[in-house]
Amino acid sequence: MLRRSTGPTSPLGQANYFARWSELHSKIDPASTRFLAPWLRSMYSLGRPLVARGVSPHTVTSVGVALAVSAIAASAAGSRWPLLAGFIILLSAVADGVDGAVAVIGQSESRWGYVLDTVADRCSELCFLGCAYVLGAPPAFVVAIAALTLLQESARARAAAAGLDEIGILTVWERPSRVIVALVVTIGCGLAPGATVLVTLMSSVVGVGLALIGFVQLMVVLRRRLR
């Protein structure tokens, strides 16, 4: 989420928040999908009180990463504790949406905030993989998912630097998919502690498959648009 620092300003209303969000996301219409508008309304409802209390979007970003790190500890405890890890991962994902909402509502977007948010996302996703690893996911699969994810995001960033105007290219392996896989691993292991080997193996196979398909999807689109 691009953040700009322009000094104290009045918080945006919901309609203006939607308009600004669309402007920052390749003119995507919030009403274009069934779940996007409700999600944005939820983020606005959570972010507006934080803006009113002067909470910085950077603070929310930091909380999201801290939650992701703590999910590893909860996963490592075994037994039913991975259920708590799943809940923490969900909170971390919500924080990732709220920090952008706080920035937009408070009109405090900045280029540094954009970079910080991106780095925080990658840190959180590596922590999600850390949860899978401590629960018993095959190390080779964990490394493969991490590598493919970082390659996909690096290619996206380089494409933007190369002048690609529309960077909102969606694949099957975007942040929501990564969060869902992490939730399946942690919640599955928490619900069935005796089947962690099967749960982590099957989730890892799905994760590698989606990450590979997503990377290929992105590269095909970039090859076509950057000729």
Legend entry - Cluster overlap Val69 with Leu91, hydrophobic side-chain contacts below 4.5 Å: no
Legend entry - Close side-chain approach of Val94 and Met43, heavy atoms under 4.5 Å: yes
Legend entry - Criterion side-chain contact (heavy atoms from CB on, under 4.5 Å) on Arg225 and Ile169, from CA distance to verdict: CA-CA 11 Å; Arg225 296 188 183 182; Ile169 303 170; 3.7 Å; yes
Legend entry - Val134-Val142 co-clustered via ILVMFWY side chain contacts under 4.5 Å: yes
Inset, instruction - Walk me through it: do Thr149 and Glu125 pass the test side chain to side chain donor-acceptor pair (under 3.5 Å)? - result: CA-CA 9 Å; Thr149 300; Glu125 289 162 4; 5.7 Å; no
Inset, instruction - State the CG-CD1 distance between Leu83 and Ile88, to the nearest 0.5 angstrom. - result: 11.0 Å
Inset, instruction - Please examine the side chains of Ile145 and Trp173, heavy atoms only from C-beta on, and report whether any two atoms are closer than 4.5 Å. - result: yes
Inset, instruction - Identify the two heavy atoms, one from Thr186 and one from Gly86, that lie closest to each other, and give their separation to 0.1 Å. - result: OG1-CA, 3.3 Å
Inset, instruction - Evaluate side-chain contact (heavy atoms from CB on, under 4.5 Å) for Ser124 paired with Arg178, printing each intermediate quantity in order. - result: CA-CA 10 Å; Ser124 296; Arg178 300 163 195 171; over 6 Å; no
Legend entry - Any donor-acceptor N/O pair, Ser70 side chain to Leu67 backbone, under 3.5 Å: yes
Legend entry - Short N-O contact, Glu174 and Arg156, less than 4.0 angstrom: yes
Inset, instruction - Look at the side chain of Thr118 and the backbone N and O of Tyr114, then say whether any donor-acceptor pair between them is shorter than 3.5 Å. - result: yes
Legend entry - Student check: side-chain heavy atoms of Val185 and Cys131 closer than 4.5 Å: no
Inset, instruction - Could you tell me which non-hydrogen atom of Tyr44 sits nearest to which non-hydrogen atom of Pro49, and how far apart they are? - result: O-CD, 4.4 Å
Inset, instruction - Say whether Phe141 and Val172 are linked into one hydrophobic cluster, either directly or through other cluster members, by side-chain heavy-atom distances under 4.5 angstrom. - result: yes
Inset, instruction - Taking the side chain as every heavy atom from C-beta outward, state whether Ile105 and Asn16 have any atom pair closer than 4.5 Å. - result: no
Legend entry - pair Leu191-Ile187: side-chain heavy atoms closer than 4.5 Å: yes
Legend entry - Shortest non-hydrogen contact from Ala74 toward Trp81: O-CB, 3.2 Å
Inset, instruction - Starting at CG of Leu218, measure out to CG of Leu170 and round the result to the nearest 0.5 Å. - result: 10.5 Å
Inset, instruction - Answer with yes or no whether the hydrophobic clustering places Tyr133 together with Leu148; edges join I, L, V, M, F, W, Y residues whose side-chain heavy atoms lie under 4.5 Å apart. - result: no
Legend entry - Leu24 with Val60, same ILVMFWY side-chain cluster at under 4.5 Å: yes
Legend entry - Distance in Å, Leu212 CG paired with Gln152 CD, rounded so as to fall on 0.5 Å steps: 10.5 Å
Inset, instruction - With rounding to the nearest 0.5 Å, note down the distance linking CG in Leu222 to CG in Leu164. - result: 6.5 Å
Legend entry - His58 side, atom NE2; Ser108 side, atom OG - distance, nearest 0.5 Å: 7.5 Å
Legend entry - Gly64 to Ala95 - nearest heavy-atom pair and separation: CA-CB, 3.8 Å
Legend entry - For the student: nearest non-hydrogen atoms of Ser92 and Ala68, plus distance: OG-CB, 3.8 Å
Inset, instruction - Nearest 0.5 Å please: distance from the CG atom of Leu40 over to the CZ atom of Phe35. - result: 13.5 Å
Legend entry - Sub-4.5 Å side-chain heavy-atom contact between Ile89 and Val179: yes
Legend entry - Sub-4.5 Å side-chain heavy-atom contact between Val63 and Asp99: no
Inset, instruction - Provide the closest heavy-atom pair for Leu201 versus Pro138 in the form atom of the first, atom of the second, distance. - result: CD1-CG, 4.0 Å
Legend entry - Gln107 side chain to Leu12 backbone, donor-acceptor under 3.5 Å: no
Inset, instruction - Evaluate the side-chain proximity of Met202 to Leu198: yes if any heavy-atom separation is below 4.5 Å, no if none is. - result: yes
Legend entry - Verdict with supporting geometry, Val143 and Leu129, side-chain contact (heavy atoms from CB on, under 4.5 Å): CA-CA 9 Å; Val143 171; Leu129 289 174; over 6 Å; no
